[in-house]
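A quick write-up on the structure given underneath.
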Amino acid sequence: MSSTATEQKTPRRTKRSKGSVDTLPSGALRVRVYAGTDKLTGRPNYLQETVPVGPDTERIADQVLRRLLTSVDEKRHPKTKATINQLLDEHFDQLDVARSTKIRLLRLAKTHIRPIIGAHQAEAMDAERWDRYYTELRRCRDHCVSPNFTQHRTTRRHTCDARCRPHECKGLDDWTIRKTHSLMSGAYKRAKRWEWVSVNFNDLAEAPAAPAPNPEPPSPEEAALLLNAAWKDIFFGTLVWTAFTTSPRRAEICGFRWKDFDRKRKVLSVRRNVVQDGKDLWVKLPKTSHRRNIALDDESVAVLVDYYEYCVAEAAKVDLAITDESYIFSLSPDGSTPYRPETLTQRYNRLADRLGINTTIRRVRHYSATELIIAGVDIRTVAGRLGHSGGGTTTLKVYAAWVSEADQRASKVLMEHVPLRPAGPQNSIERAKTAPQAPYEVIAAEIRHQIISGEFVDGNPAPTVKAIAASHNASTGTAHRALGLLRTWGLVSETSRGIRAKITYSTEPDGIEVKVSAQTSPAPTKNAENLALLDLRLLKDGAPLFSFSTAADPANPSHLQRLLIRAAKRQGIFPDDLDDLELEVRRAGDPTLLTTFLAC
C-alpha cells in the first residue's frame, strides 16, 4: 500500500482557537468545540457538527466553528448529551404528582415513548422529529414494524382461539397523544431549566387538538331500567341509586364511610378516593376543590338508612359491628375494606350489557349533570355537586354540549301545546296537485282535473305538447314541463319512437297517490263519473293522524274502506287495530264535511 493512500485515510486536524476542525476520510469537515464537563456523566462534553463536502466547505466550517464558540461563550449550549430515557428518569425522580398519576405516566412512557425515541439524544430531537414521532403514534398503538403477524391475546403459552387474530394497525386516540405531549413538554421544560438542552423543540411540534366533548348520558328510560335491575341486590341497588342521585366519581363512591352520611342534615360528604392499580389498592385524599357536601333528598336518605340497617344485621350474623369508620359499600361484613373501583365498573358493565344499554358507570355523572341542567339548576350549583373547580368553568366546557339535548326535550314539550299544522302536501310534486304555483303546474293541475273527471279516458291518446301549448296559450317549454309533471303523477305514459303517450288513469284509487300502470289499468267503469278529488283526514279517538288528497267516490263505502285501511298502514296501524279510526271526507278545497266513515 502506498504512503499516499495511507495519508488520505488519516484525518487531519486543524486547531483553531478553542475548537478544532478535523478532515474525515470522505473529505467532510468535523467541527468540535470543548464545552466543559458533561453534567450527567462527568466526562468531557464536546459540541460537534459535520460539514459535508462541497465548494464552500472551508467557509461553512469556519461559520459553524464561530457559532459553536459563541454558544459556549454565552453559555447557551447544552450541558449534557443525555438521551430521552435519561431525561425521563431524572424527570420522574423530581415529579411531584399523586401516586396514581405517576403510575399512569410511567406506564405511558414505558409503552409509547421509550421504545420509539428513548435512545435518541434529547438535544437532537428537533421539531421535524417530534412531528414524525406523533405521526407514528397515530399510525399504530403497537408500533409494529410489519403489520403481517398474529396478535395473541396473551404473551404466555396458550392455545389460540378467536381472540388471537391478525394484527390491525390502530392509532392512539387524540387524548393519549396529548398526554404524551404534555409529559414530554414538562420533561423538556425541566431540561431547559437545567441547561440540558438549548432549545425546547417539543413545544414547536403540533400536538392533536383536544377532542370536542361527546357526552352520551343514558336516557331517563335507560336509567330507570338500570335502577330497577340493580335493585335485585340491595347492596348494588343502593350503590347505583347513590351514584345516580349524588353523581360522585367512581373512586369517590367507593370511598364513602358511614361517618360521611349525616341523616339529620341530609348530607353525604366526599372526603376520600379509593384508587386501584391492578391488585394494589390505596386510599388518598381528593383535591381541595373535590371535597364537598352533597345534599340528599328524602328518598335517598331513606334508601341509605334502610341499607345501614341491613348492613348492621348482616354484620351481627358473624359477630361483627358496623362503625363510623366502616365503608358504606364494601364486600366485608364489617365494612373494613372498600369496594374495588374495577369491580364496580365490571359489574355495572355486565348489568348494562344484559339490558342491551350502551353505557358505563362514568356516564352516570353525565346523566346527573344533564338532568340538572335541563331542570334549570344554575351552573355553579351543578359544578358544586360534581366537584368541579373554577366556579363552573369546567362544567361549561365539558357539559355545554348537552344543551342540545335540553333543546330537543324543550321542543317536544312545546309541541304538546302547539295546534296541529294545516293538512297539506309533503313536497312540491304533491303540492302542485292542489296548490299549483308555476305556470306549468297550473296547466298540469287543470289536465289532471280533466282526467279525473273523465274528459280524458284511460287508454286514449294524451294531449300533445303542441295541443297543450295552444289550448293554454303557453310556450312549448312550459307544455313540455306540464306533460312531464303528469308523467310523474302517473297519469300519462312514457313516449317512445312512433308511439304516442296515453292516459293511464284508473278508477281504482290507491288511497294516497294516483299511480297507475298503463299495462294494468282497467277500462273505465260506470261509477267513473262519480269520482271526485277529495281531501281526507284520518283520526284516532278524535285526534288527527294523517291528511291526504286523492280521487274517489265519496258515496262508495268500498272506496272509503280501502282508503282508510291504506292510510292506517302508512301510520303503522294494522287492520286488527282499526276500531278507533275514522275518516273525514271533504271535497278538495271545500271545508264542508261530506261524511265521516268509520272503520268496520
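These numbers come from the heavy atoms of this one structure, side chains and all, not from hydrogens, waters or symmetry mates. Keep in mind that this is a model prediction, so the values were computed, not measured. Numbering of residues begins at 1 and proceeds along the displayed sequence.
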Between atom [atom1] of [X] and atom [atom2] of [Y], what is the distance when rounded to the nearest 0.5 Å?
X	Y	atom1	atom2	result
Lys170	Cys140	NZ	SG	11.0 Å
Leu105	Lys110	CG	NZ	14.5 Å
Gln151	Cys144	CD	SG	8.5 Å
Ile60	Leu65	CD1	CG	13.5 Å
Glu136	Asp131	CD	CG	13.5 Å
Arg114	Thr111	CZ	OG1	10.5 Å

May I ask you to test the [X]-[Y] pair for a side-chain heavy-atom distance under 4.5 Å?
X	Y	answer
Asn200	Arg193	no
Ser100	Lys284	yes
His158	Cys164	yes
Tyr339	Leu331	yes
Thr359	His366	no
Ile116	Leu137	yes
Leu47	Glu123	no
Phe256	Leu304	no

Stepwise side chain to side chain contact (heavy atoms under 4.5 Å, CB included) test for Thr345 and Thr360 = CA-CA 7 Å; Thr345 297; Thr360 62; over 6 Å; no
Donor-acceptor pairs under 3.5 angstrom involving side-chain atoms of residues 236-243: please list them, not counting sequence neighbours.
| unit_1 | atom_1 | unit_2 | atom_2 | d |
| --- | --- | --- | --- | --- |
| Thr238 | OG1 | Ile234 | O | 2.7 |
| Trp241 | NE1 | Ser300 | OG | 3.1 |
| Thr242 | OG1 | Thr238 | O | 2.8 |

Under 6.0 Å between ring centres, would you say that holds for Tyr367 and Phe244?
-> yes
Evaluate side chain to side chain contact (heavy atoms under 4.5 Å, CB included) for Val64 paired with Arg67, printing each intermediate quantity in order.
-> CA-CA 5 Å; Val64 171; Arg67 174 166 54 79; 3.9 Å; yes
CA sep, side-chain torsions, deciding dist, call: Thr83, Asn85, side-chain hydrogen bond (donor to acceptor under 3.5 Å, both in side chains) = CA-CA 5 Å; Thr83 63; Asn85 282 334; 5.0 Å; no
Measure across [X] and [Y] and return the closest heavy-atom pair with its distance rounded to 0.1 Å.
X	Y	answer
Cys169	His167	SG-NE2, 3.5 Å
Leu226	Leu351	O-CD2, 3.8 Å
Ala191	Leu87	CB-CD1, 3.5 Å
Ile322	Cys311	CG1-O, 3.7 Å
Trp194	Glu90	CZ3-CB, 3.9 Å
Pro333	Leu320	CB-CD1, 4.0 Å

Assess the side chains of Asn273 and Arg250: does a donor N or O sit below 3.5 Å from an acceptor N or O?
-> no
Would you call Asp262 and Lys264 a salt bridge, using N to O less than 4.0 angstrom?
-> no
State plainly whether the residues Asp203 and Lys189 are in salt-bridge range, i.e. N to O under 4.0 Å.
-> no
Please walk me through it: do Arg132 and Glu128 pass salt bridge (Lys or Arg N to Asp or Glu O under 4.0 Å)?
-> CA-CA 6 Å; Arg132 294 185 183 277; Glu128 178 184 356; 3.1 Å; yes
[X] side-chain N/O to [Y] backbone N/O, donor-acceptor pair under 3.5 Å:
X	Y	value
Asp260	Arg257	yes
Lys266	Asp298	no
Ser330	Thr337	yes
Arg141	Gly171	yes
Ser247	Val364	no

Please indicate whether [X] has more than 12 foreign heavy atoms, meaning atoms of other residues, nucleotides or ligands, lying under 6.0 Å from its [atom1].
X	atom1	value
Arg165	CZ	no
Arg362	CZ	no
Gln94	CD	yes
Lys259	NZ	yes

Please determine which of Arg107, Arg104, Arg99 meets the salt bridge (Lys or Arg N to Asp or Glu O under 4.0 Å) test together with Asp277.
-> Arg107
Verdict with reasoning, Val270 to Arg249, per side chain to side chain contact (heavy atoms under 4.5 Å, CB included) | CA-CA 10 Å; Val270 178; Arg249 296 174 176 85; over 6 Å; no
Quick one: which residue pairs count as a ring-ring contact (aromatic ring centres under 6.0 Å, His included) with a foot in residues 110-130, not counting sequence neighbours?
-> His112-His143, Trp130-Tyr133, Trp130-Tyr188
Between Glu222 and Arg363, is a salt bridge (Lys or Arg N to Asp or Glu O under 4.0 Å) present by the stated rule, with each step listed?
-> CA-CA 12 Å; Glu222 292 173 337; Arg363 294 179 184 175; over 6 Å; no
How far apart are the C-alpha atoms of Met184 and Ile84, what are their side-chain angles, what is the distance that settles it, and do they pass the side chain to side chain contact (heavy atoms under 4.5 Å, CB included) test?
-> CA-CA 9 Å; Met184 293 309 305; Ile84 297 291; 4.0 Å; yes
Mutual orientation of the aromatic rings belonging to Phe329 and Phe235 [parallel < 30°, tilted 30-60°, perpendicular > 60°] | perpendicular
